[in-house]
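Note sheet for the following structure.
A quick note: this is a predicted structure, and the numbers were derived from the prediction, not measured.
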Amino acid sequence: MTMKNYVITLIAFATLNLTFGQETVQIIPNENDSRVITTGLPFMLVAPDARSASMGDMGVATSVDGFSQQYNPAKFAFSEAKSGLGVSFTPYLSRLVNDISLSYATYFNRLNEYSAVSASVKYFSLGEIVLTQDANDPGVAVKPNEYAIDVAYALRLGEQFSMAIALRYMRSALRIDTVDPNANAGSTFGADITGYYQSEEEAYNDFNGRWRLGFAIQNLGPKFTYDDGGEEVFQPTNLRLGAGFDFIFDEYNKLALTAEVGKLLVPTPPIRGNRIVFTDVDGDGIYDPAIDTQTPEQEEASITDGSYIVDGKDNDVSFMKGVFQSFGDAPGGFSEELREFVWSIGAEYTYQDSFAFRAGYFNEAEDKGARKFFALGAGFKYTTINIDLSYLFSASQVQSPLENTLRFSLTFNFGDGEYDEY
């Protein structure tokens, strides 16, 4: 029998049909498949401090500060202060409620000219939720939360380059056992590998300058579950790359420009659908149960629960395989892989190392989350204390949970100026 192949390319959920004589395979993609990559513990990706937030959620290649633990602890090896303590508070969904927040505390200590240790605690609270059975039930108050605790060690491998390794424990207690008896707190371990380069100050025609480069692979670790026998989810394993330049106009005025790109190292969800094998009685290539027939063999070969992979790769893989697969598994090919990168640009003007004005922009593709926002911020230094604040303006039709949110950070530097790095 002559074999005929009819292939209709799948574009925006079109239907793909393959016909072999009268035996036909019809593949119907799911109409509402999301192209957004989702992970567990998404609070780990939220900028916890005001300085990084005001420059577009960046920090892998900015100059060292008390909150470098979040983005790149390798920067602590370049700290001029002997040690420092930072605390920050971020209201979340402040336009709707007043008790959801992200709190962050961090500490670092520079051991000598070449090394430093650091640690931090990040706590995300969903506030108090009262569960009731009916109108007369006084209810039970629960407080879902997530937190992460980490430690890091930074080591200078040269005069201008350092690397760091961080180890982290993360716990998520968002599912409520009074609602779901199988619900447990999800927990897992992760690691960061980071690097930072800071050049010597160089003289140009009208100013001096300094280059900054940074990279970070964050939350590298195994998948975990939220309940007994539940589906395993990925950590928010993330890649960050950044570069910046300091324009040093004189001893009082400095302008720092920085750009950063990031990508989740998590597999892209494939396009799934139904695969139906049937005898095409009327020859139209479309399955009609009133006309077309299926033999037991055809029914056994059919996959009609919506789980057939129409395009892309299976994302049920180990976390390490998922890291490598994430660079080439998008159903839309290379163009979609590029859309999975987020990017941000930021600027920081500093006067006399006492006052700073900052601005930044963050961008994410429309079909990958649509996070787009502008941010402004300022910083003040008084003796050994730094006070920073930031404000976010959403630039997307998808409203940011941090829109119109004022964030505060406070840093105490001990032994400031003990090391000469600038």
Side-chain angles (χ1 to χ4, degrees), residues 7-18 25-46 56-58 60 190 192-193 215-224 231-242 259-275 303 305-345 361-373 395-398 400:
V7 180
I8 303 175
T9 302
L10 178 66
I11 300 178
F13 304 114
T15 299
L16 175 65
N17 297 299
L18 303 177
V25 177
Q26 182 177 11
I27 299 173
I28 307 174
N30 298 331
E31 294 183 358
N32 298 316
D33 267 355
S34 173
R35 309 301 285 274
V36 178
I37 300 174
T38 58
T39 70
L41 303 161
F43 82 104
M44 292 300 301
L45 300 176
V46 179
D57 282 16
M58 68 164 58
V60 75
D192 296 355
I193 302 172
F215 76 88
I217 301 174
Q218 301 174 301
N219 306 312
L220 187 63
K223 298 193 290 184
F224 66 99
E231 180 182 357
E232 290 188 320
V233 295
F234 286 93
Q235 294 186 36
T237 307
N238 193 41
L239 170 68
R240 294 181 183 271
L241 302 171
E260 184 175 308
V261 296
K263 186 184 189 304
L264 281 171
L265 303 183
V266 176
T268 305
I271 297 176
R272 297 181 182 271
N274 295 325
R275 179 182 185 273
I303 301 175
D305 60 357
S307 64
Y308 179 77
I309 296 178
V310 177
D311 198 358
K313 297 181 180 179
D314 188 0
N315 60 346
D316 185 14
V317 296
S318 67
F319 82 94
M320 187 56 70
K321 183 177 180 179
V323 168
F324 295 100
Q325 181 174 308
S326 67
F327 289 100
D329 63 350
F334 182 68
S335 62
E336 184 172 349
E337 291 290 349
L338 289 179
R339 295 199 306 275
E340 291 182 352
F341 281 85
V342 299
W343 57 269
S344 55
I345 53 175
Y361 175 73
F362 179 94
N363 184 84
E364 183 176 56
E366 293 286 344
D367 59 340
K368 296 298 177 179
R371 290 177 297 163
K372 303 175 188 288
F373 58 83
S396 171
Q397 294 181 352
V398 179
S400 170

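- A 4.5 Å side-chain heavy-atom check between Val261 and Val342 finds every atom pair outside the cut-off.
- A distance of 11.5 Å separates CD1 in Ile193 from CG in Leu239, rounded to the nearest 0.5 Å.
- Remark: Glu364 engages Arg371 in a salt bridge (charged side-chain N to carboxylate O under 4.0 Å, His left out) (not counting sequence neighbours).
- Remark: the backbone N or O of Arg272 is paired with a side-chain donor or acceptor of Asn30 at under 3.5 angstrom.
- If you look at Phe362 and Trp343, their ring centroids are not closer than 6.0 Å.
- The nearest pair of heavy atoms linking Ile303 to Ser307 is CG2-OG, 3.6 Å.
- Summarising the geometry of Pro269 relative to Val36, their closest heavy-atom pair is CG-O, 3.8 Å, with the distance given to 0.1 Å.
- With sequence neighbours excluded, no residue satisfies side-chain contact (heavy atoms from CB on, under 4.5 Å) with Pro42.
- Side-chain contact between Leu264 and Glu340: absent, with no pair of heavy atoms (C-beta onward) separated by less than 4.5 Å.
- Considering only heavy atoms from C-beta on, Phe224 comes within 4.5 Å of Leu41 through its side chain.
- Taking all atoms of both residues into account, the shortest heavy-atom contact from Val310 to Gly273 is CG2-N, 3.8 Å.
- Of all heavy-atom pairs between Pro236 and Thr39, the closest is CB-OG1, 3.5 Å.
- Distance check: Gln218 CD to Gln235 CD gives 11.5 Å after rounding to the nearest 0.5 Å.
- To the nearest 0.5 Å, atoms CG (Leu45) and CG (Asp57) are separated by 9.5 Å.
- Contact of the Glu260 side chain with the Ser344 side chain is registered, since non-hydrogen atoms from C-beta on lie closer than 4.5 Å.
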Cut-off 3.5 Å, no hydrogens considered: what does the side-chain donor-acceptor table look like for residues 320-334, sequence neighbours left out?
residue : atom : partner : partner atom : Å
Gln325  : NE2  : Asp314  : O            : 3.0
Gln325  : NE2  : Asp329  : OD2          : 3.4
Ser326  : OG   : Val323  : O            : 2.6
Asp329  : OD1  : Thr268  : OG1          : 3.2
Asp329  : OD2  : Thr268  : N            : 2.9

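- In this structure, Lys223 forms a cation-pi arrangement with Phe234, its terminal cationic atom sitting closer than 6.0 Å to the ring centre and no more than 45° off the ring axis.
- The NZ atom of Lys263 sits 9.5 Å away from atom CG of Leu338, with the distance rounded to the nearest 0.5 Å.
- Ile217 contributes atom CD1, which lies 6.5 Å from atom CG of Leu265 (distance to the nearest 0.5 angstrom).
- Between Glu336 and Lys368, at least one side-chain nitrogen of the basic residue sits less than 4.0 Å from a carboxylate oxygen of the acidic one, meeting the salt-bridge criterion.
- Contact detail for Pro267 and Ile37: the closest heavy-atom pair is O-CG2, 4.0 Å.
- The side-chain heavy atoms of Glu366 and Gln397, taken from C-beta on, include no pair separated by under 4.5 Å.
- Here the CD1-CD1 distance, from Ile271 to Ile27, works out to 12.0 Å after rounding to the nearest 0.5 Å.
- Residues Met44 and Asn219 approach most closely at CE-OD1, 3.8 Å, considering heavy atoms.
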